[in-house]
Amino acid sequence: MQTVTAQLIKKTALSPDTSDFAFEIEAGRFQGLEAGAHVDVHLGADLVRQYSIWSWSLDGRTLNVAVKREDEGRGGSRAIHALEEGAKVQIGGPRNHFKLQSNASYVTLIAGGIGATPIVAMARQLLNEGRDFQVIYLVRNRELAAMDAKFRALGLDQWYRLHCDETDGVFDLAALMRSLPLDSDVYTCGPEPMLNAVLDAGSAMRGGTIHFERFAASSEVDHGASETFEIEVASSGAVYDVGTDDTVLEVLKSNGVHVDFGCSEGLCGSCMVDVIEGEIDHRDGILTPEEQATNSYMCACVSRAKGKRLVLDL
């Protein structure tokens, strides 16, 4: 993935733990700016993080990402929050694994916490297209509703609802799903527990599809114990061992087999490789259950084998 140089031109606090970062490209324009897309922000040696864009300029020269500071996280949010206006970074992308589809007659957008960033852009697109939709923004309390002002600035009126658990109680997702029109679609982004709750409540829907995007690292989701296995490179016949603490990507790189990569967390899709034989233990956060079920490609940075060997189309 090609990267470009961009400068941080404005940094704005949105809540006690979340700030907005406006980046301007040094030369040319960003391509592929659309609702649901994310960019790779290079924040240091081997520190690349993915952030959904929520706004951008019509000329493609600037884009905005909102980032929650996670002091106990893996370092990316601390690094971007440490940037001062005027700092220059490399930005890759945009890429989009969370694209709005045009076939549903009614759309429900469900945002949880900082997962609201792509949802703001989706709401703007649906509004501009004159489509029927609603937005539900779930937060713990109003102080942490970092993107509330951005939603309200769109003029969504009665089609927007902010729900604060501390004052409003637990949101009844099942009731929401039962109330949706026939064959309507849901788009949701947020913490893993919220996504699982939305997917579970989806059994009450009358048709339609739930589209979702995770932003938690794969290591934060329980996949069980890792076992050793082998990978075979189809073009050369070379076979390499993947230990319990190794990744397919690391093993390929250490043996001189080139694979593109970005986040190394199963969130960006840069390291996707085709699989010819073997059963995949998918541990990424971007492939849909239907895509995973094809058993034909995997994220080399996090996914593993369920059996003893995977044959890769490399």
Side-chain angles (χ1 to χ4, degrees), residues 14-15 18 35-36 38 52 54 66 68 96-216 220-221 285-291:
L14 301 178
S15 73
T18 300
H38 68 262
S52 295
W54 70 268
K68 178 182 178 182
N96 199 347
H97 304 290
F98 194 39
K99 192 186 296 281
L100 267 175
Q101 306 300 314
S102 59
N103 55 337
S105 59
Y106 189 83
V107 174
T108 296
L109 306 177
I110 305 174
I114 195 58
T117 48
I119 301 299
V120 171
M122 287 182 168
R124 185 185 301 112
Q125 178 178 328
L126 291 168
L127 190 65
N128 290 340
E129 293 176 353
R131 295 174 63 184
D132 290 330
F133 71 101
Q134 64 177 328
V135 181
I136 312 295
Y137 185 18
L138 307 177
V139 295
R140 197 164 65 248
N141 58 57
R142 186 174 291 274
E143 186 182 34
L144 298 178
M147 304 303 289
D148 180 53
K150 308 303 181 186
F151 281 122
R152 295 185 187 280
L154 296 177
L156 302 177
D157 301 324
Q158 69 267 31
W159 297 286
Y160 169 67
R161 178 178 176 184
L162 172 67
H163 181 94
C164 304
D165 287 348
E166 288 187 359
T167 55
D168 303 327
V170 177
F171 188 79
D172 193 341
L173 286 167
L176 172 68
M177 296 302 188
R178 287 193 297 270
S179 72
L180 299 183
L182 185 68
D183 293 327
S184 60
D185 277 3
V186 173
Y187 291 80
T188 183
C189 182
E192 193 73 15
M194 189 209 78
L195 290 183
N196 290 335
V198 171
L199 293 171
D200 288 343
S203 61
M205 291 175 63
R206 297 175 295 159
T209 303
I210 298 178
H211 308 265
F212 61 94
E213 181 172 65
R214 290 185 169 94
F215 58 77
E220 295 174 11
V221 182
I286 59 171
L287 294 178
T288 65
E290 292 77 16
E291 289 171 331

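Residue numbers run from 1 in the order of the sequence given. Computed from heavy atoms alone, side chains included, the values below leave out hydrogens, waters and symmetry copies.
- Under the rule for a side chain to side chain contact (heavy atoms under 4.5 Å, CB included), the partners of Ala121 that lie at least two apart in sequence or sit in another chain are Ala35, Trp56, Arg124.
- Atoms CG and CG, from Asp200 and Leu173 in turn, are 9.5 Å apart once rounded to the nearest 0.5 Å.
- In this structure, Val170 and Asp165 have side chains that are not in contact, with every pair of non-hydrogen atoms separated by 4.5 Å or more.
- Taken from CD1 in Ile119 to OG in Ser52, the straight-line distance is 8.5 Å, to the nearest 0.5 Å.
- In this structure, Gln134 and Leu176 have side chains that are in contact, with non-hydrogen atoms separated by less than 4.5 Å.
- A donor-acceptor contact shorter than 3.5 Å links the side chain of Tyr137 to the backbone of Met147.
- A distance of 12.5 Å separates CZ in Arg140 from OG1 in Thr167, rounded to the nearest 0.5 Å.
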Can you check side-chain contact (heavy atoms from CB on, under 4.5 Å) on Arg161 and Phe171, steps first, answer last?
CA-CA 11 Å; Arg161 178 178 176 184; Phe171 188 79; 3.5 Å; yes
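- With a 6.0 Å radius and a threshold of 12 heavy atoms from other residues, nucleotides or ligands, Arg206 has its CZ atom above the threshold.
- Proximity of a side-chain donor or acceptor of Gln101 to a complementary backbone N or O of Lys99 within less than 3.5 Å is detected.
- Annotation for Ala145 and Val139: closest pair CA-CG1, 3.9 Å, computed over non-hydrogen atoms.
- More than 12 heavy atoms of other residues, nucleotides or ligands sit less than 6.0 Å from atom CZ of Arg131.
- Each of Val120, Leu126, Val186, Ile136 was checked for a side chain to side chain contact (heavy atoms under 4.5 Å, CB included) with Leu109, and the lone residue meeting it is Leu126.
- For the pair Phe133/Thr108, no side-chain contact is recorded, criterion being any heavy-atom separation below 4.5 Å from C-beta on.
- Taking the six-membered ring where the residue is Trp, His211 and Tyr187 present parallel rings, their angle staying beneath 30° rather than reaching 60°.
- Judged purely by atom type and a 3.5 angstrom limit, Asp185 uses its side chain to pair as donor or acceptor with the backbone of Thr209.
- Taking SG of Cys164 as the start and CG of Leu162 as the end, the distance is 4.0 Å to the nearest 0.5 Å.
- Using a distance-only test at 3.5 Å, with no hydrogens or angles considered, no donor-acceptor pair links the side chain of Asp157 to the main chain of Tyr160.
- To the nearest 0.5 Å, atoms NZ (Lys150) and CG (Leu14) are separated by 5.5 Å.
- His163 places a side-chain N or O within 3.5 Å of a backbone atom of Gly169 that can act as its donor or acceptor partner.
- Taking the side chain as every heavy atom from C-beta outward, Leu127 and Leu156 approach each other to under 4.5 Å.
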List the steps, then state whether side-chain contact (heavy atoms from CB on, under 4.5 Å) holds for Glu213 with Thr188.
CA-CA 7 Å; Glu213 181 172 65; Thr188 183; over 6 Å; no
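- Judged by distance alone, with hydrogens and angles left aside, the side-chain atoms of Thr18 form no donor-acceptor pair with the main-chain N or O of Ser15 at under 3.5 Å.
- Annotation: side chain of Phe98 is in contact with side chain of Cys189 (closest heavy-atom distance under 4.5 Å).
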What verdict does the side-chain contact (heavy atoms from CB on, under 4.5 Å) test give for His38 and Asn96, after you've listed the backbone C-alpha separation in whole Å, the side-chain angles of each residue and the deciding distance to 0.1 Å?
CA-CA 6 Å; His38 68 262; Asn96 199 347; over 6 Å; no
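- Across Ile210, Leu195, Leu138, a single residue satisfies side chain to side chain contact (heavy atoms under 4.5 Å, CB included) together with Ile110, and that is Leu138.
- Between Thr117 and Trp54, the shortest heavy-atom distance links the atoms O-CB, 3.2 Å.
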CA sep, side-chain torsions, deciding dist, call: Met177, Val198, side-chain contact (heavy atoms from CB on, under 4.5 Å)
CA-CA 9 Å; Met177 296 302 188; Val198 171; 3.6 Å; yes
